[in-house]
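Quick note on labels: first sequence line is chain A, next is B, and so on, each numbered from 1. These numbers come from the heavy atoms of this one structure, side chains and all, not from hydrogens, waters or symmetry mates.
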Amino acid sequence: MSPARPRGFWLFKTEPSVFSYADLEAAPGRRTGWNGVRNYQVRNWLRDTVAVGDGVLLYHSSAEPTGIAGLARVSAAARPDPTQFDPRSPGYDPASTRAEPRWYEVEVEAVAALPQVLTLAELRAAPELATLAVLQHGQRLSILPVTPAEWLAILQRAGVREPRRKSGARP
DNA sequence: GCCAACGTTGGC
DNA sequence: GCCAACGTTGGC
């Protein structure tokens, strides 16, 4: 038996006018394939590093307010992003084939909305979050890593205790 | 709507 | 392989 991989943490950006945390909660099974990523760095993380059970902060960008709206978890590992094969999708990539897909998605499942959005201004004002990737100047990636310390600090700032998951249980 | 940052594209 | 032009992101 291999030792459990340490749980990873991520921040997923979304424009709530396109897909919000509430939309995730309203989705069938409270889950969705996180498709549409078209950046190679992020693709590599999705394909190679993001794992089932990892914690996800859902971040609303270009929003009022901008900030972290809810918690989610990775519920299925990387698989080809179906929108790359769909000519009607804005994510269509004619250079991609089913034999050799270029783009991947993971599935995310809603865990809990934050009591209120933890705003970008609040994140910037928190000294313990100075290293948070999403706050770094010029970063534009739609998925960013979060350290365990940052994850805990954000949950504290948000005033939430992470829901305990029954060990071995599957919903 | 502006614009800084930066990834991607394509001419050479 | 260089690098200017272009497109996108996202805060403000």
- Query: Are the charged groups of A:Asp81 and A:Arg38 less than 4.0 angstrom apart, N to O?
  - Reply: yes

- Query: Are there more than 12 heavy atoms of other residues, nucleotides or ligands under 6.0 Å from atom CD of A:Gln136?
  - Reply: yes

- Interface with DNA chain C, restricted to residues 120-130 of chain A and to heavy atoms under 4.0 Å: A:Leu120, A:Arg124

- Inter-axis angle, terminal five-pair segments of the helix from B:dG1-C:dC12 to B:dC12-C:dG1 [nearest 10°]: 10°

- Note on the structure: Out of C:dG7, C:dG11, B:dT8, minimum distance to the side chain of A:Asn39 belongs to B:dT8

- Message: Side chain of A:Tyr40 only, heavy atoms from C-beta on: which candidate in C:dT9, B:dT8, B:dA4 is closest?
- Response: B:dT8

- Message: Among A:Asn35, A:Leu46, A:Ile143, exactly one meets side chain to side chain contact (heavy atoms under 4.5 Å, CB included) together with A:Val106. Which residue is that?
- Response: A:Leu46

- Message: Cation-pi check for A:Phe85 against A:Arg98: NZ or CZ below 6.0 Å from the six-membered ring centre and within 45 degrees of the axis, yes or no?
- Response: yes

- Item | Sub-4.0 Å heavy-atom contacts from residues 86-105 of chain A onto DNA chain C, ordered by number | none

- Message: Tell me whether the side-chain N/O atoms of A:His137 come closer than 4.0 Å to OP1 or OP2 in B:dA4.
- Response: no

- Item | Passing candidate, side chain to side chain contact (heavy atoms under 4.5 Å, CB included) with A:Glu150, options A:Val134, A:Leu129, A:Leu155 | A:Leu129

- Side-chain ion pair, A:Glu122 and A:Arg157, N-O less than 4.0 Å: no

- Residues A:Arg30 and A:Glu109 bridged, charged N to O under 4.0 Å: no

- Between C:dG10 and A:Lys13, is there an OP1 or OP2 to side-chain N/O distance shorter than 4.0 Å? yes

- Could you tell me whether A:Trp34 and A:Tyr104 have their ring centroids closer than 6.0 angstrom? no

